[in-house]
Amino acid sequence: MAVTPHMVLQRLRGWVDSGHLRQIDFQFARLLAELCQQEPHAHDAELVLAAAWVSAQLGKGHVCLPLSQTQPVPLFDLPPAAASELLDGLAPVESWAALWQAHRLVGIPDQDPAEADDAEACWPLRLWRGRLYLSRYYRFEAQVAARLLQLAGRQVAVSTATLASMRRLFALDADTILASLLQQRQAATFDASRFARQYLDLVAPDSLDAAGLYQQLAEVQSLAALQTLLRSVPSQACRNDQHLAAATALSRALAVISGGPGTGKTTTVAKLLALLAEQGVEQGRPPVIRLAAPTGKAAARLAESLGQALVSLPLSAPVRAAMPNGAGTLHRLLGVVPGQLQFRHHAGNPLHLDILVVDEASMVDLPLMARLLSALPEHARLILLGDKDQLASVEAGSVLGDICSVLTAGVSPPQAQWLSTQTGYTVAAGDAEGPVLRDSLCLLRKSWRFSADSGIGQLANACNQGRPEALAAIWQHAYADIQLQPWGPGAYRQLIAAAVQGYCHYLTDVAAGAAVATIFARFNRFQLLCALRDGPFGVTGLNAQIERALAEAGLVAPEHDWYAGRPVMVIQNDHAIGLYNGDIGLCLPDDNGRLRVWFETGEGQLRSLLPSRVPAHETVYAMTIHKSQGSEFAQVIMVLPDQMSPLLSRELIYTGITRAKQQLTLYADPTLLAQAIRRRTERYSGLSERFLSSRRQE
């Protein structure tokens, strides 16, 4: 007997009751079953199951459900035997796309990918190149690809004066180099070749007398002698990725700058914005520049770090006046309309700006990116910053990762020639025919924060490259800035004691009545990060244990929900108040001794609310690694569970490691850590293929 949609629903219902399937996934399948009754199709049963499946995939962060993969996608993460029972009597999954070519509820591949909004009512599901989408997410993906490709294809004229300014801004600073050289030469471990790579941007030592250069670096004493030495190094043998990124962004409406921590993304953008503002001032129209990030914490850090970078630049008064003096969240930028899905700014009411810089772009999900691009004026430039190797967004999609998949294609020959001419470096070109997006991408490789003597840098690199075999040597090296604490007797108590030690400094400031800004600065230096939310190794268990230990030490008095020093994280957006999921506040007394909850803003200011007005929140002595994205701390304790979890992955571990700037203590089982580093997170989408398939003949 043929399987019917009703039979599929009956099979699914049991998995809802067991928690393997969300109620929303089941209800979407039920809706499709009802729609199928109006005009039955021979393969409605497959469609009903696929509806629940693609909805469940969306809940896991996937934009689509691949139907024709060589390696099948796990069905609701069920054991093979249970999955076989669900699929019993149905056509093979790899044949479904072909079977639905004429189904009235499925948009077919050759239809326009960006139809009007009401397309969802006609086709609840969409097919594209063997991928099944919810119609809305199909439209989001198509819109993001089309707009980014449009921006990438738009070249912008650069004045001769601006190009000259760029070369001056990125010229080697002999004073700084000499000071660093004299200091580093005092160490017995001084390595002239490493110094040349780091400070002279040398990448091709074989093209010059490297031995002679290294000898001179070991002996030079005066500024004049160093300047003579620098002039002898051919620019073709060097490569400064920050300089190349600025040159790329000057000439393109879209620039995507990716790099790990300490690679100088903010420094690069500071110089880039100065150049763009200078060019606008010369032309009589200073540009309107806006800065944004996904979270309030990331926005505040962007504004602070960019402001610090701009201080050191030689800017004229008109250029400095054009620089942005703050940053905000993307939601605030777009303008939330309470009770509506649409923002205040959209295609019909675009943003008022000429240049938009978005930091921590890896956190931006597909729907938010689609709405942001829709609200971008036609003439505007877009600069995306982020680390392509970090965790993808919490919601569906991995937009930055999909964009950066094009990096392997190399720049086009004309772009390589232009970059070589403007910077003096030798830039290799990719194939003449290649993806349109490739000429807008920039990768910063050199870290100024983590040297070869940095354990954090070594650990991050081993994790990022998926080399767990390198971990043993890293731990044996006994780097001063990293420490591994394997789980064993007494380790958990030691963890709680270390957290108390980490937080006691800001709580001492609270007791002493220090200024709010001072307390925040001290609080932001230390953070405990978890991989999980629940259990003794997760946020809920650790927050309770740490709060209890702090109370026993006399550092807090949690007799009531609100007490002086309590850190909280907002877990629900409140557009009316202007606080969003992930924003962190501190409960502190005001000048009159009344408790208020203080938050840092993207403009570098502090605002406070009565505790009763704070949106849904939780205590945050411990936070998940996911929530820590966009933040950095001088000292980090990272906690992994004592057993393997599906949440543990290479991207998660890398993100946690790179939140630490100076000191990292990792509580983890070494074997489990190695297993996690081997596991890559994969987000199913068609965005990367849309970019890679949009080729042009140069």
Side-chain angles (χ1 to χ4, degrees), residues 296-297 485 490-530 532-572 579 582-600 606-625 627-628 631 633-639 659-660 663 665 667:
K297 187 67 176 286
Q485 293 287 354
Y492 196 83
R493 289 193 302 274
Q494 182 182 351
L495 165 64
I496 302 303
V500 170
Q501 179 63 31
Y503 286 123
C504 72
H505 305 291
Y506 95 88
L507 290 170
T508 301
D509 285 346
V510 173
V516 174
T518 300
I519 295 171
F520 258 105
R522 189 70 70 96
F523 174 76
N524 288 334
R525 287 186 55 78
F526 173 82
Q527 185 62 56
L528 190 145
L529 302 178
C530 309
L532 308 181
R533 270 205 56 81
D534 301 318
F537 302 98
V539 167
T540 54
L542 283 168
N543 271 322
Q545 292 287 344
I546 293 169
E547 188 175 60
R548 184 179 300 113
L550 289 171
E552 291 173 354
L555 293 167
V556 299
E559 290 86 4
H560 305 286
D561 286 344
W562 292 103
Y563 56 86
R566 181 192 178 196
V568 295
M569 174 182 284
V570 175
I571 58 174
Q572 182 176 311
L579 290 175
D583 287 350
I584 293 177
L586 289 177
C587 182
L588 302 168
D590 62 14
D591 293 338
N592 298 314
R594 293 173 302 189
L595 289 178
R596 297 182 69 87
V597 186
W598 299 79
F599 292 88
E600 295 176 304
L606 291 164
R607 59 177 297 207
S608 66
L609 298 172
L610 290 171
S612 59
R613 295 196 63 206
V614 178
H617 57 273
E618 62 188 14
T619 301
V620 68
Y621 293 112
M623 73 169 70
T624 62
I625 296 171
K627 292 287 188 181
S628 73
S631 301
F633 311 95
Q635 296 178 288
V636 166
I637 292 178
M638 185 164 72
V639 180
R659 297 313 88 200
Q663 189 73 40
T665 302
Y667 282 80

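Basis for what follows: all heavy atoms, side chains included, without hydrogens, waters or symmetry-related copies.
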Candidate pair Leu595 and Leu588, rule side chain to side chain contact (heavy atoms under 4.5 Å, CB included), full reasoning:
CA-CA 5 Å; Leu595 289 178; Leu588 302 168; over 6 Å; no
The side-chain hydrogen bond (donor to acceptor under 3.5 Å, both in side chains) partners of Gln663 (sequence neighbours excluded) come to none
Residues at least two apart in sequence or cross-chain that pass salt bridge (Lys or Arg N to Asp or Glu O under 4.0 Å) with Arg533, listed by chain then number, are Glu618
Nearest heavy-atom approach of Val570 to Pro615 is CG1-CB, 4.2 Å
Exercise for review: Keeping the roles fixed (side chain from Asp583, backbone from Gly296), state whether a donor-acceptor pair exists under 3.5 Å.
Suggested key: yes
Scanning both residues in full, the closest heavy-atom pair of Val500 with Ala549 reads CG2-CB, 3.6 Å
Listing, residues 502-510 side-chain donor-acceptor contacts under 3.5 Å, not counting sequence neighbours, or none:
unit_1, atom_1, unit_2, atom_2, d
Tyr503, OH, Gln527, NE2, 3.1
Tyr503, OH, Leu528, N, 3.4
Tyr503, OH, Tyr621, O, 2.3
His505, NE2, Gln501, O, 3.4
Tyr506, OH, Gly565, O, 2.6
Thr508, OG1, Cys504, O, 2.7

CZ (Arg596) and CG (Asp591) are apart, to the nearest 0.5 Å, by 11.0 Å
Correct closest heavy-atom pair for Phe520 and Trp598 would be CZ-O, 3.2 Å
Gln485 meets the side-chain contact (heavy atoms from CB on, under 4.5 Å) criterion, sequence neighbours left out, with Gln483, Gln494, Thr665, Tyr667
When every non-hydrogen atom of Ala564 is compared with those of Pro589, the smallest separation belongs to CB-CD, 4.3 Å
Here the pair of heavy atoms bringing Ile546 nearest to Ala499 is CD1-CB, 3.7 Å
So CD1 of Ile625 and CG of Leu532: to nearest 0.5 Å the spacing works out to 9.0 Å
- Message: Looking at Thr624 and Lys627, would you say the former's side chain and the latter's main chain have a donor-acceptor pair under 3.5 Å?
- Response: yes
If you count the non-hydrogen atoms of other residues, nucleotides and ligands that lie under 6.0 Å from CG in Asn592, is the total more than 12? yes
Contacts satisfying ring pair (Phe, Tyr, Trp, His ring centres under 6.0 Å) that involve residues 541-568 (not counting sequence neighbours) are Trp562-His617
### Message
Please check: side-chain N/O of Arg659 versus main-chain N/O of Ser631, any donor-acceptor pairing under 3.5 Å?
### Response
yes
Does Arg607, at its CZ atom, have more than 12 non-hydrogen atoms belonging to other residues, nucleotides or ligands within less than 6.0 Å? yes
Value for OG (Ser612) from CG (Asp561), rounded to nearest 0.5 Å, stands at 12.5 Å
Cys530 and Leu542 have their tightest heavy-atom pair at SG-CD1, 3.4 Å
Residues at least two apart in sequence or cross-chain that pass side-chain contact (heavy atoms from CB on, under 4.5 Å) with Asp534, listed by chain then number, are Thr540
Legend entry - Check: Leu529 and Ile637 side chains under 4.5 Å, non-hydrogen atoms: no
Begin with the C-alpha distance, continue with both residues' side-chain angles, and end with the deciding distance and a verdict on side chain to side chain contact (heavy atoms under 4.5 Å, CB included) for Thr619 and Arg566. CA-CA 7 Å; Thr619 301; Arg566 181 192 178 196; 3.0 Å; yes
> Do Asn524 and Lys297 come close enough that some side-chain heavy atom pair is under 4.5 Å?
Replying inline: yes
